[in-house]
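Reviewing the structure listed below.
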Amino acid sequence: MANEKKPLDKIRNIGIMAHIDAGKTTTTERILYYTGKKHKIGETHDGEADMDWMEQEKERGITITSAATTCFRHDIQINVIDTPGHVDFTVEVERSLRVLDGAVALLDASQGAEPQTETVWRQADKYGVPRLIFANKMDKIGADFFMSLDSVKDRLSKKALPIQLPIGKSDTFEGVVDLVTMKSYHFEGEKWVNVVEGEIPADMQAQAEEYRENMIDAISMFDDELAEKFLGGEEISIELIKRAIRNGTIQNELYPVLCGTALGNKGVQLVLNAVIDYLPSPIDRGEIVGHNPDNEKQEVVRKPSLDEPAAAIAFKIMTDPFVGTLTFVRVYSGVIKSWDTLLNTVTGKKERVGRLLLMHANKREEISEISAGNICAFLGLKETQTGHTLCDPAKPIVLEKMEFPEPVIHIAIEPKSKADQEKLWLALSKLMAEDPTFTAHSDEESGQTVIGWVWELHLDVIVDRLRREHKVEVNTGKPQVAYRETIFQTATARGIFKKQSWGRWQYGDVELRIEKLPDDKNYEFESEIKGWVIPNEFIPAIDKGARETMAQGLLAGFPIINVKVVPFFGSYHDVDSSEVAFKVATYKAFKEAFFKASPALLEPIMSVEIVTPEEYVGTVMGDLSSRRGIILGQTPRGSATAIQAKVPLAEMFGYVTDLRSNTQGRAAFTMEFSNYDKVPEGLAKKIIEERAGKIKGMDEE
């Protein structure tokens, strides 16, 4: 039963992660079928997959939003999240990995470790998520398990360890050899539901023995008893081998590699067994560490136990047309019941939990309570957002927040009718609550509504969702790049604001220094004011004035980044000084210093990888160079060539169409944000001229 409390060691929270088209959703569909969760396999290419339930997902054949489901195998509860593989939806992977205990990384065995595989692997590294690797599509033409294994060791981790070998490949793939049991496994019956154990084929016996010895040698460091038996030449039991593999996997020192074909229904059952045998339970992952909301330096710990105070993190918001806003939550400790009151330690406000829903993609099962180690959706939360902590009000804790990239693309949108105008902002608010990388604001000068996102396909999906889900028709403008401004030198300046307003004088006087910060730091403020030249009560106003100035920009109205602000002198008046006066004085000082500090316009640079047949390499590289791209290198990728480059985002709009045209539709590319870099002088001048009038300072306050 889904609603019964499973012991924590009987729970697995896993994600399926990979490059696009590696077969994540197909694998998840097989997991549901082989665990009895569903009785018919839905195929992604037919638009029937349970986990791809959005209309856009069915049409495009890709996963856009993470879907969650719960199933059971061998008395183990497996909570599965199927994550997107398209680089445009990598934030969905990020927030899923934040709350998972383990993951299955899929490879297309004909391609090996691809660019997005590397991206999601780094995300899993960030959160220390233990992983299995499944070389999928072993029945595909060009499939090569050993090439895939080498690519994993080259691009992902040298700790990858094969625990299976394929029997055949491409159209001759028929099963696997398990190096733990030293048996072969074939699949029979309807949908190959029966796993049949047999002897290892004679022509594979020597290879299997060699790989098994290498495996035992590698895992011996994770179990003293096994190491002792191995060195003494004694027989080693299957249970001992599994224990050592599990220990190494949970410590992130080992990544077991399996193989099979999800679409061909061979091997997924063994992946499920490996999830149970090797991936961690919530207990294995151990206690979670947060901090006191009133003191960031004070560590607070919660153990994965039903007896601990409740602590949970919201990792996803979704608007359901039938029940309202759903907040997906991972519970780390304690038990939460319907109608409990929890404290949101990020907002400082209490939230009343409404109904609790166990999710299966977009279907729901109501439950009365949710306990530590589980994932479910809360209905009724009003102000909780992605990354917020919910906990027992009497025992507050703040869990580690999630960080998301800022939008680098913007477009102006306008409703097609007055009726659409009234619905637009309500719809945008819901979409912003769902996706922390999506923004919307009203441009004060043009009066336009401007939306922003991180990747090009995102915007396409957003406009589509506005039309379908929220019944709002909009016209869209041309995509705009999110430029930034910065400085390259240190400069000082003084700003004095003295003005009579409504019969009284306003007075503020600030002398400050601005310094260039590293690329990974946007803003720092450090006061060097000594004595009482400026009272402490006005220092926050200087900080606020600097932040507001940076937000509005000075060169062309784009936000300023990578700047440290250091006020070090000034003066005040006992009667006439105020926070407003010091904010304006700060603006004046900052503005003067900014233009003395070698200001420049920055543009987002994207890391791009194109995989193309050899005959088009020259054409592709020439096209990238014409887009101001810098070629970083090229590497063989199966029968094709992978080209790595860095290209300004401004030059990449519509690239997919040109690439298809240049390669007869045979090339593919991935793109993700890399860094900001200086815009060439001539182009910067043009952008600044076009943006003239966008800067609204405080000079006239």
Side-chain angles (χ1 to χ4, degrees), residues 1-8 11 13 68 70 77 79 95-96 98-100 282 285 287-296 298-359 364-402 426 429-430 432-436:
M1 286 291 294
N3 200 16
E4 72 179 51
K5 281 185 195 170
K6 278 281 180 188
L8 287 171
I11 296 173
N13 291 305
T70 299
Q77 177 180 322
N79 300 320
R95 57 181 169 188
S96 298
R98 168 65 180 84
V99 299
L100 292 174
R285 289 286 273 166
E287 62 191 22
I288 187 163
V289 179
H291 67 263
N292 186 326
D294 299 322
N295 182 0
E296 285 193 19
Q298 184 182 343
E299 198 174 87
V300 181
V301 174
R302 290 284 183 272
K303 295 176 182 176
S305 166
L306 276 59
D307 300 323
E308 288 270 299
I313 194 163
F315 68 95
K316 178 179 171 64
I317 311 294
M318 188 179 88
T319 302
D320 186 295
F322 301 103
V323 298
T325 301
L326 293 168
T327 305
F328 285 77
V329 172
R330 161 69 193 265
V331 181
Y332 285 96
S333 62
V335 178
I336 298 172
K337 299 180 179 179
S338 295
W339 310 114
D340 275 356
T341 297
L342 300 174
L343 174 66
N344 181 326
T345 48
V346 176
T347 65
K349 296 181 179 179
K350 291 182 179 179
E351 289 264 38
R352 183 83 178 271
V353 179
R355 292 156 60 197
L356 302 178
L357 302 174
L358 204 61
M359 301 300 292
R364 302 166 294 276
E365 176 187 342
E366 189 161 349
I367 55 178
S368 59
E369 62 182 41
I370 185 81
S371 56
N374 279 288
I375 292 171
C376 83
F378 289 5
L379 185 62
L381 302 187
K382 293 182 170 58
E383 298 188 46
T384 297
Q385 297 177 5
T386 299
H388 286 189
T389 300
L390 296 164
C391 65
D392 183 335
K395 301 284 185 180
I397 183 174
V398 180
L399 302 178
E400 181 189 357
K401 296 178 184 176
M402 303 180 206
L426 179 61
S429 298
K430 290 180 178 178
M432 280 192 285
E434 288 183 25
D435 188 342

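Looking only at side-chain heavy atoms (C-beta outward), Leu381 and Leu390 come within less than 4.5 Å of each other. Leu342 places a side-chain heavy atom less than 4.5 Å from the side chain of Phe378. Counting heavy atoms from C-beta on, the side chains of Asn374 and Gln77 come closer than 4.5 Å. Using a 4.5 Å heavy-atom cutoff, the side chains of Ile11 and Asn79 are in contact.
In plain terms, the two heavy atoms of Leu356 and Lys337 that are nearest each other are CD1-C, 4.0 Å. Shortest non-hydrogen contact noted between Ala372 and Tyr332 is CB-O, 3.7 Å. Contact between Val335 and Ser371 at its shortest, heavy atoms only, is CG2-CB, 4.0 Å. Taking each heavy atom of Ala314 and Thr384 in turn, the nearest pair found is CB-CG2, 3.7 Å.
With values rounded to the nearest 0.5 angstrom, Thr325 atom OG1 is found 6.5 Å from Lys430 atom NZ. The CE atom of Met432 sits 13.0 Å away from the OG1 atom of Thr386 when rounded to the nearest 0.5 Å. Atom CG of Leu343 sits about 4.5 Å away from atom SG of Cys391, to the nearest 0.5 Å. Annotation: the span from Ser333 atom OG to Leu8 atom CG amounts to 10.5 Å, rounded to 0.5 Å. The CD1 atom of Ile317 sits 9.0 Å away from the CG atom of Leu326 when rounded to the nearest 0.5 Å. In this structure, CG on Leu358 lies 11.0 Å from CD on Glu366, to the nearest 0.5 angstrom.
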Assess whether side chain to side chain contact (heavy atoms under 4.5 Å, CB included) is satisfied between Arg98 and Leu399, documenting all intermediate values.
-> CA-CA 11 Å; Arg98 168 65 180 84; Leu399 302 178; 3.9 Å; yes
Given the rule in the side chain to side chain contact (heavy atoms under 4.5 Å, CB included) test, do Ile367 and Leu357 qualify, once you have shown the distances and angles that lead to the verdict?
-> CA-CA 6 Å; Ile367 55 178; Leu357 302 174; over 6 Å; no
Let me see the working for Ile397 and Thr345 under side chain to side chain contact (heavy atoms under 4.5 Å, CB included), right down to the final yes or no.
-> CA-CA 7 Å; Ile397 183 174; Thr345 48; 5.9 Å; no
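No side-chain donor-acceptor contact under 3.5 Å links Glu296 to the backbone of His291.
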Ignoring hydrogens and angles, write down the donor-acceptor pairs under 3.5 Å from the side chains of residues 300-313, residues two or more places apart or on other chains.
residue, atom, partner, partner atom, Å
Arg302, NH2, Lys395, O, 2.7
Ser305, OG, Asp307, N, 3.0
Glu308, OE1, Lys303, N, 3.1

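The side-chain tip of Arg330 does not point at the ring of Phe328 from less than 6.0 angstrom away and within 45° of straight on.
Glu383 and Thr347 share no donor-acceptor pair across their side chains, judged by distance under 3.5 Å alone.
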